[in-house]
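When a residue number appears, it is its place in the shown sequence, counting from 1. What you see is a predicted model, and the numbers here were worked out from it, not measured in a lab.
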Amino acid sequence: MPNIELIDSFADELTAIRRDLHAHPEIGFEEHRTSGIVAEKLAGWGIEVHRGLGGTGVVGLLKGKGGGNRRIGLRADMDALPMEEKTNLSWRSTIPDRFHGCGHDGHTTILLGTARYLAQTRNFDGTVAFIFQPAEEGLGGARAMIKDGLFEKFPLDEVYGLHNAPQLNPGQVAIFPGPSMACADFFDITITGYGSHGAMPEMSRDPVVIAMTLGQALQTIVSRNVDPLKSAVLSITQIHAGSAYNVIPGEAMLAGTVRTFSEKVREKIRDRMRTIAAGMAAAFQVEIKVDIRDIFSVLVNHEEQSHFVADVAREVVGSENVLTTPTPKMGSEDFADMLLAVPGAYFWLGHEGSVPLHNPGFILDDKILPVGASLFSRIIEKRLPLAA
């Protein structure tokens, strides 16, 4: 069973929606235009619309033909990244330092396509909740929606999500049960030293040298303190210090992320980071503050729902295109918090393109829009079947 014919019939309209969203990207908790378009589309298709969960989140409710009480949620993230786009697309971002470099414009459009199809057909028994989530990119959008009562106001039996995947072949679906994506911490380290003239370093307590030394020391944590059989990443992604060639600054900052699949390993890394920083502060006679924040939980796919998604995918894209070998990813995804609250599964959908996510040259392949919408729609129709 390939793409749903009805969805294919309005694929060009989905492409137009996606490219419009791409040209007008909004970062986390600022998705006012995007959520407005989502709400307008849903209402136009006769879907009950609820706005404001988690700030800019939108939930659409749709009842099927049957009178069943089961409820399934489908989730898409809406936010863009705070980065510049470097493509020559005619629909490239029109907003400086804003770019849909992770394909969330595609996810939003896929779920809109699903909503349109299901609203036209209603060939299911129960209720679907279309969850359009803000602020997935490290700002806690899923947690914000949950805190605002997402699952109390809209109780669900199951929830499903997807992500585009340029690293897979076009049309491939990857899905497997168990830990699938790592948890994540973000950290900021501030070194407060003592500045001086660049020609008189002996008068300073140079935070730049200390930052370089600390950065090297932190890299020993994974290689020397974590069990080699346990996955862990510690990446320093930002260094900020100084404003002139001849001034040793008084302050330097490091920032980055930690990824693991184990709370025990996570705590060990946090402890070692603080201990190394404290020791270095004493050795160099400076102040070092370490702020480590829990951003993402480990994403754990539930077994029953994962096997079900694989079965549906085999019907839509073919058995040869369904990958079920566990291949956990060190990337993180805040859909993990929804899966902690409700059983469900998260899967990846391959498309054309060799540029990775979060790269300024990333390009989403619009051909996956009807594929993703067909997958989501078949999940609903087969998980909430009408009585024969």
Any donor-acceptor pair under 3.5 Å linking the side chain of K153 with the backbone of D148?
yes
Under 3.5 Å, which donor-acceptor pairs link side chains of residues 342-350 to any protein atom two or more places apart or in another chain?
{"residue": "Y346", "atom": "OH", "partner": "E333", "partner atom": "OE1", "Å": "2.8"}

Assess whether a salt bridge exists between K268 and D271, defined as any Lys/Arg side-chain N lying under 4.0 Å from an Asp/Glu carboxylate O.
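Here K268 does not pair with D271 in a salt bridge, since their nearest N and O are not under 4.0 Å apart.
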When you look at F335 and H163, which way does the ring-ring contact (aromatic ring centres under 6.0 Å, His included) test go after all the steps?
CA-CA 11 Å; F335 187 66; H163 204 294; over 10 Å; no
With heavy-atom distances below 4.5 Å as the criterion, would you say the side chains of I27 and L81 are in contact?
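No, side chains not in contact.
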Distance-only side-chain donor-acceptor flag, E31 / T56, under 3.5 Å
yes
Could you pull out all residues at least two apart from K147 that satisfy side-chain contact (heavy atoms from CB on, under 4.5 Å)?
none
Please list, chain by chain and in numerical order, all residues satisfying side chain to side chain donor-acceptor pair (under 3.5 Å) with N164, sequence neighbours excluded.
H107, H351
Can you give me every donor-acceptor pair (side chain of residues 228-235, partner residue at least two apart or in another chain, under 3.5 Å) with its distance?
none

Describe, in one word, how the ring planes of Y160 and F308 are oriented to each other, choosing from parallel (under 30°), tilted (30 to 60°) and perpendicular (over 60°).
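Tilted.
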List the atom pairs, with distances to 0.1 Å, where a side-chain N or O of residues 169-183 and a protein N or O form a donor-acceptor pair under 3.5 Å, not counting sequence neighbours.
{"residue": "Q172", "atom": "OE1", "partner": "N169", "partner atom": "N", "Å": "2.9"}
{"residue": "S180", "atom": "OG", "partner": "G178", "partner atom": "O", "Å": "2.9"}
{"residue": "S180", "atom": "OG", "partner": "N301", "partner atom": "ND2", "Å": "3.3"}

Pairs touching residues 203-223 that satisfy side-chain hydrogen bond (donor to acceptor under 3.5 Å, both in side chains), sequence neighbours left out:
none
